[in-house]
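Because the structure is a prediction, the values reported are computed rather than measured.
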Amino acid sequence: MSGQLHLGLPMWANDAWRGSLYPPHGGSDGHLGDYTRIFSAVEGNTTFYSGTPKAETVAAWARQVPADFRFCFKLPSSLTHERRLEDIDGAFDAFYEALSPLQGRLGPLMVQLPRDFGAEELPKLQALLARWPSDIPCGVEVRHSEFFHKGAAEKELNRLLISQGANRVMLDVRPLFSTSPQGHPGMIKAQGEKPKRPLHVISTGNFPVVRFIGHVDAEINARYFQPWIDRLALWIKQGITPFLFVHTADNRHAPQMARRLHDALAAQIGAPLLPEFPGERQVELF
């Protein structure tokens with residue numbers, strides 16, 4: 001049985017996408033609905049910064065998305081960065097319960113760990129994964145440099161993830177760091193925020209998560225994405241369901257880049273191209 005690619009962006013609300021992904025006029029109430037007409041997943045960074053969402057907010061999200069859409073929320077930073085996974089059972093359970101109206105529409109919930117969270121703290125991650133709900137995939141993003149040297153620490157991490165069926169999040173920053181910022185504000189900001197770590201491609205679970213952090217130059221992005229086409233096609237053929245989240249340095253043109261990368265993959269696996277964006281159709285009417 002073939003797997004299925006879920007494609008998405010780091011968010012669904014961005015005023016810079018008016019006139020392209022979204023209609024140029026009107027409010028933002030319909031953005032999530034318009035987003036789901038094109039993309040089948042979203043990274044959901046809002047919970048990382050804002051914490052557990054309110055019940056009415058989750059209910060509104062549930063009403064607006066189709067059954068095959070997937071939210072991939074990050075655990076709140078209060079659990080991963082402030083408490084560092086220490087004594088978080090109650091808070092994690094409350095977070096999971098708050099998302100219950102989205103059951104069936106949750107992709108991998110992501111545990112993004114601090115840059116200084118190293119191998120000595122892996123027992124806390126193991127404790128979390130041991131009680132992870134069986135009906136929800138998990139994605140773990142590590143940033144400590146010792147997990148990228150192919151040594152004992154990385155082997156221990158990968159063994160843990162494989163044993164628990166958790167997915168190692170693959171952060172591909174190669175396009176972003178391929179040149180100097182050249183004075184571009186978005187590039188300067190992104191290169192200052194994103195960790196410069198090598199890319200290790202490994203599927204430790206059935207729902208690999210790829211976060212592709214692009215450059216402002218579309219040709220550079222296409223070049224670095226080319227090897228991903230074969231990898232994603234292979235996973236899909238093997239029955240694995242990958243999640244691909246596309247960023248650009250300032251995310252202004254992330255929808256267009258996602259379409260270009262997706263369509264290059266679609267041409268190889270015989271999948272349909274992405275449809276025209278809602279905003280593009282409306283612009284054509286004037």
Check: [Y] and [X] side chains under 4.5 Å, non-hydrogen atoms:
X      : Y      : value
Asp34  : Pro23  : yes
Gln256 : Thr248 : no
Phe225 : Arg260 : no
Asp230 : Gln268 : yes
Pro137 : Asn206 : no
Arg223 : Ile220 : yes
Arg197 : Val142 : no
Ile38  : Pro278 : yes

**OP:** Answer yes or no: does atom CG of Asp135 have more than 12 heavy-atom neighbours from other residues, nucleotides or ligands under 6.0 Å?
**Re:** yes
Subject >> Atom CZ of Arg18 with >12 non-hydrogen neighbours under 6.0 angstrom >> reply: yes
Original post:
Would Leu265 and Trp228 satisfy side chain to side chain contact (heavy atoms under 4.5 Å, CB included), going step by step from the backbone distance to the final call?
Top reply: CA-CA 8 Å; Leu265 172 63; Trp228 279 115; over 6 Å; no
Subject >> Aromatic ring pairing Phe71/Phe69, orientation class (parallel under 30°, perpendicular over 60°, tilted between) >> reply: perpendicular
Original post:
Phe92 vs Tyr96 aromatic rings, parallel, tilted or perpendicular, using cut-offs 30° and 60°?
Top reply: parallel
Original post:
So Val169 and Arg211, side chain to side chain contact (heavy atoms under 4.5 Å, CB included) or not? Walk me through it.
Top reply: CA-CA 7 Å; Val169 176; Arg211 301 180 65 218; 3.7 Å; yes
Original post:
Can you name the side chain to side chain donor-acceptor pair (under 3.5 Å) partners of Arg105, sequence neighbours left out?
Top reply: none
Working to the nearest 0.5 Å, report the span between [atom1] of [X] and [atom2] of [Y].
X      : Y      : atom1 : atom2 : answer
Arg70  : Phe207 : CZ    : CZ    : 8.5 Å
Asn45  : Phe245 : CG    : CZ    : 9.5 Å
Tyr22  : Leu32  : OH    : CG    : 7.5 Å
Asn167 : Thr241 : CG    : OG1   : 10.0 Å
Leu171 : Arg143 : CG    : CZ    : 6.0 Å
Phe177 : His215 : CZ    : NE2   : 11.0 Å

Cluster check [X], [Y]: I/L/V/M/F/W/Y, side chain < 4.5 angstrom:
X      : Y      : result
Phe243 : Val173 : no
Phe73  : Leu75  : yes
Ile136 : Leu161 : yes
Ile229 : Leu261 : yes
Ile188 : Ile213 : no

Shortest non-hydrogen contact from [X] to [Y]?
X      : Y      : result
Thr46  : Trp61  : CG2-CH2, 4.3 Å
Phe148 : Pro198 : CD2-O, 3.4 Å
Phe147 : His200 : O-ND1, 4.4 Å

Original post:
Salt bridge check: are Glu276 and Arg259 linked by an N-O gap of less than 4.0 Å?
Top reply: no
Original post:
Are Glu154 and Arg168 ion-paired here, with the side-chain N under 4.0 Å from a carboxylate O?
Top reply: yes
**OP:** For His81 and Phe48, run side chain to side chain contact (heavy atoms under 4.5 Å, CB included): C-alpha distance rounded to whole Å, both residues' side-chain angles, the deciding distance at 0.1 Å, then the answer.
**Re:** CA-CA 10 Å; His81 286 59; Phe48 181 79; 3.6 Å; yes
Atom pairs and distances, side-chain donor-acceptor, residues 107-131, under 3.5 Å, sequence neighbours left out:
unit_1	atom_1	unit_2	atom_2	d
Gln112	OE1	Lys74	NZ	2.7
Arg115	NH2	Glu193	O	2.4
Asp116	OD1	Arg84	NH1	3.0
Asp116	OD1	Arg84	NH2	3.2
Glu121	OE1	Arg84	NE	3.2
Glu121	OE1	Lys124	NZ	2.5
Glu121	OE2	Arg84	NH2	2.7
Lys124	NZ	Arg84	O	3.0
Arg131	NH1	Asp93	OD1	3.0
Arg131	NH2	Asp93	OD1	3.4
Arg131	NH2	Asp93	OD2	3.1

Subject >> Evaluation steps, side chain to side chain contact (heavy atoms under 4.5 Å, CB included), between Gln238 and Ile240 >> reply: CA-CA 6 Å; Gln238 292 173 334; Ile240 293 173; 3.7 Å; yes
Could you give the side-chain donor-acceptor pairs of residues 5-14 under 3.5 Å, partners two or more places apart or in another chain?
unit_1	atom_1	unit_2	atom_2	d
His6	ND1	Ser40	O	3.4
His6	ND1	Ser40	OG	3.2
Asn14	OD1	Ala16	N	2.9

Original post:
Donor-acceptor pair, Gln191 side chain versus Ser180 backbone, under 3.5 Å?
Top reply: no
Subject >> Side chain Tyr49, main chain Pro76, donor-acceptor under 3.5 Å >> reply: no
